[in-house]
Amino acid sequence: MGIIDKTALVDPKAQIGEGVEIGPYVVIRGEVTIGNGTRIGPFAVLEGKVDVGPFCVIGHHAVIGTPPQDVSFRGEESGVVIGEGTILREFVTVHRATGEGKVTHIGKSCFIMAYCHIAHNCFVGNEVTMANGASLAGYVTVEDWATLSGFVGVHQFVRIGKLAMVGGLSKVVMDIPPYTLADGHPARIFGLNRVGMRRRGISPEKRESIAQVYRFLFRSGRPLRKAMEEIQTKDFDPEVVREILCFLSQTRRGIARWVREEVCHFEDAPSGW
């Protein structure tokens with residue numbers, strides 16, 4: 001069995017796994033499930049239908065599963081899902097979803113630092129990093145391996161692509177494509193996250209293919225929609241083309257503008273960008 005502090009309030013309906021540590025004055029209310037080996041710090045609150053995977057860390061004063069800050073919410077049953085090995089540091093807030101049976105989802109091995117906020121109906125992928133104070137509005141998608149630096153604010157329905165990196169204090173109001181670097185107020189794209197791609201073991205060949213695809217889409221002088229149509233007839237890596245076009249074609253907020261003049265400042269930026 002785990003260790004549950006005598007001051008903690010744990011609902012009899014909660015399911016607590018083996019080896020769980022629950023600190024002083026924690027409140028667990030409702031159909032909460034805590035996976036094996038998870039640690040919950042003092043004064044944390046988990047309420048409603050919350051499913052926390054094994055070996056997670058919930059920091060002190062974190063609040064998980066409270067009703068969404070959404071005027072359309074009518075008290076329907078919804079929840080929060082948190083994947084294995086994810087860390088939510090102190091004062092993080094995660095709201096449950098709007099819509100019957102819907103969930104706010106956080107994937108595996110994420111690192112969500114202090115004071116971050118993840119709003120209703122967000123989908124956060126695996127191994128995502130959010131630095132202190134970063135905030136996601138409702139219905140935001142953050143794909144695997146993305147990084148949001150400190151105090152980034154993301155508008156509702158925006159998507160952050162795989163392995164994208166957003167600079168601190170940025171205001172993100174349009175989608176940030178996979179593998180790119182973005183910064184600014186509003187955020188613009190300044191190049192490719194080549195360091196991140198290398199660290200993730202993406203081969204030099206694929207990195208160059210990604211650069212070629214983006215160069216054609218954003219540097220050919222064609223309107224983006226026209227470039228997206230034409231690139232499918234060109235001799236580029238078809239897997240890379242499919243991945244990037246799939247992301248671009250599903251936008252609801254539009255794609256952030258690519259700022260040409262700054263790209264040369266990033267390490268290994270290809271010539272001519």
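You'll find the side chain of E243 reaches within 4.5 Å of the side chain of Y179, heavy atoms only. Residues K206 and V240 are in side-chain contact: their nearest non-hydrogen atoms beyond the backbone lie under 4.5 Å apart. Side-chain contact between V152 and V172: present, with at least one pair of heavy atoms (C-beta onward) separated by less than 4.5 Å. Taking 4.5 Å as the limit, some side-chain heavy atom of T104 sits within range of a side-chain heavy atom of V94. R253 places a side-chain heavy atom less than 4.5 Å from the side chain of V173.
In this structure, CD1 on I255 lies 5.0 Å from CG on L248, to the nearest 0.5 angstrom. Atom OG of S72 is separated from atom NE2 of H120 by 6.5 Å, given to the nearest 0.5 angstrom. Interatomic distance, CD of E90 versus SG of C116, reported as 10.5 Å (0.5 Å rounding). A distance of 9.5 Å separates CD1 in I58 from CD1 in I28, rounded to the nearest 0.5 Å. Distance CE/M174 to OG1/T251: 7.0 Å, rounded to 0.5 Å. Once rounded to the nearest 0.5 Å, the distance linking CG of D70 with OH of Y139 reads 5.5 Å.
R96 places no side-chain N or O within 3.5 Å of a backbone atom of G79 that could act as its donor or acceptor partner. Proximity of a side-chain donor or acceptor of N132 to a complementary backbone N or O of M113 within less than 3.5 Å is not detected. Distance alone, capped at 3.5 Å, is enough to place a donor-acceptor pair between the D144 side chain and the N126 backbone. Counting only distance, with no hydrogens or angles, the side chain of D11 and the backbone of G30 share a donor-acceptor pair below 3.5 Å. Checking side-chain atoms of T93 against main-chain N and O of H117 turns up no donor-acceptor pair under 3.5 Å. Within the 3.5 Å criterion, the main-chain N or O of R219 finds no donor-acceptor partner in the side chain of R222. Not one N or O on the side chain of T180 forms a donor-acceptor pair closer than 3.5 Å with the backbone of G191. The main-chain N or O of R74 is found under 3.5 Å from a side-chain atom of E76 such that the two form a donor-acceptor pair. Although no hydrogens or angles enter the test, the distance criterion places a donor-acceptor pair under 3.5 Å between the side chain of T86 and the main chain of G107. With hydrogens and angles disregarded, no donor-acceptor distance shorter than 3.5 Å links the side chain of T33 to the backbone of D51.
For the residue pair Y214 and P178, the shortest heavy atom distance occurs at OH-O, 2.7 Å. Residues H185 and L169 come closest through the heavy atom pair CD2-O, 4.2 Å. The minimum heavy-atom distance between P68 and T98, with the atom names listed, is CG-OG1, 3.5 Å. In this structure, G53 and T38 approach most closely via the heavy-atom pair O-OG1, 2.8 Å. Of all non-hydrogen atoms in I112 and V92, the two that sit nearest each other are O-CG2, 3.8 Å. Of all non-hydrogen atoms in S78 and G99, the two that sit nearest each other are CB-O, 3.6 Å.
Sorted by first and then second residue, the pairs that involve residues 164-188 and meet salt bridge (charged side-chain N to carboxylate O under 4.0 Å, His left out), not counting sequence neighbours, are R159-D175.
A salt bridge does not link E143 with K162: every distance from a Lys NZ or Arg NE/NH1/NH2 to an Asp or Glu carboxylate oxygen is 4.0 Å or more. Between K13 and E31 there is no salt bridge, since none of the side-chain N atoms of the basic residue sits less than 4.0 Å from a carboxylate O of the acidic one.
Transitive grouping of hydrophobic side chains (ILVMFWY, heavy atoms separated by less than 4.5 Å) brings F216 and M228 into a common cluster. Linking ILVMFWY residues whenever their side-chain heavy atoms come closer than 4.5 Å, directly or via other members, leaves I87 and L46 in distinct clusters. At a threshold of 4.5 Å between side-chain heavy atoms, the hydrophobic network of Ile, Leu, Val, Met, Phe, Trp and Tyr places L224 and I244 in one connected group. Linking ILVMFWY residues whenever their side-chain heavy atoms come closer than 4.5 Å, directly or via other members, places L192 and V241 in the same cluster. The hydrophobic cluster containing V32 does not contain V45, counting ILVMFWY residues as joined when their side-chain heavy atoms lie under 4.5 angstrom apart, directly or transitively.
Within 6.0 Å of atom OH in Y25, 12 or fewer heavy atoms from other residues, nucleotides or ligands are found, so the atom counts as exposed in its surroundings. Heavy atoms of other residues, nucleotides or ligands lying less than 6.0 angstrom from CZ of R200 number more than 12. Residue R207 qualifies as enclosed at atom CZ: its count of foreign heavy atoms under 6.0 Å is above 12. Within a 6.0 Å sphere centred on NZ of K49, other residues, nucleotides and ligands contribute 12 heavy atoms or fewer.
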Inset, instruction - Decide yes or no on ring-ring contact (aromatic ring centres under 6.0 Å, His included) for F43 and H60, but give the supporting numbers first. - result: CA-CA 6 Å; F43 295 97; H60 64 73; 8.2 Å; no
Inset, instruction - Would you sort out whether I16 and I22 count as a side-chain contact (heavy atoms from CB on, under 4.5 Å), showing the intermediate values? - result: CA-CA 10 Å; I16 310 299; I22 299 177; 4.3 Å; yes
Inset, instruction - Just do the side-chain contact (heavy atoms from CB on, under 4.5 Å) check on M130 and L136 with the steps written out, would you? - result: CA-CA 10 Å; M130 293 176 59; L136 307 181; 3.8 Å; yes
Inset, instruction - Please assess L217 against I231 for the test side-chain contact (heavy atoms from CB on, under 4.5 Å), listing each intermediate value before the final yes or no. - result: CA-CA 8 Å; L217 290 172; I231 199 171; 4.0 Å; yes
Inset, instruction - Check step by step if side-chain contact (heavy atoms from CB on, under 4.5 Å) holds for I40 and V52. - result: CA-CA 11 Å; I40 303 176; V52 180; over 6 Å; no
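Residues F123 and H105 bring their aromatic ring centres within 6.0 Å.
Relative ring orientation between Y115 and F91 is described as parallel, the plane-to-plane angle staying below 30° on a 0-90° scale split at 30° and 60°.
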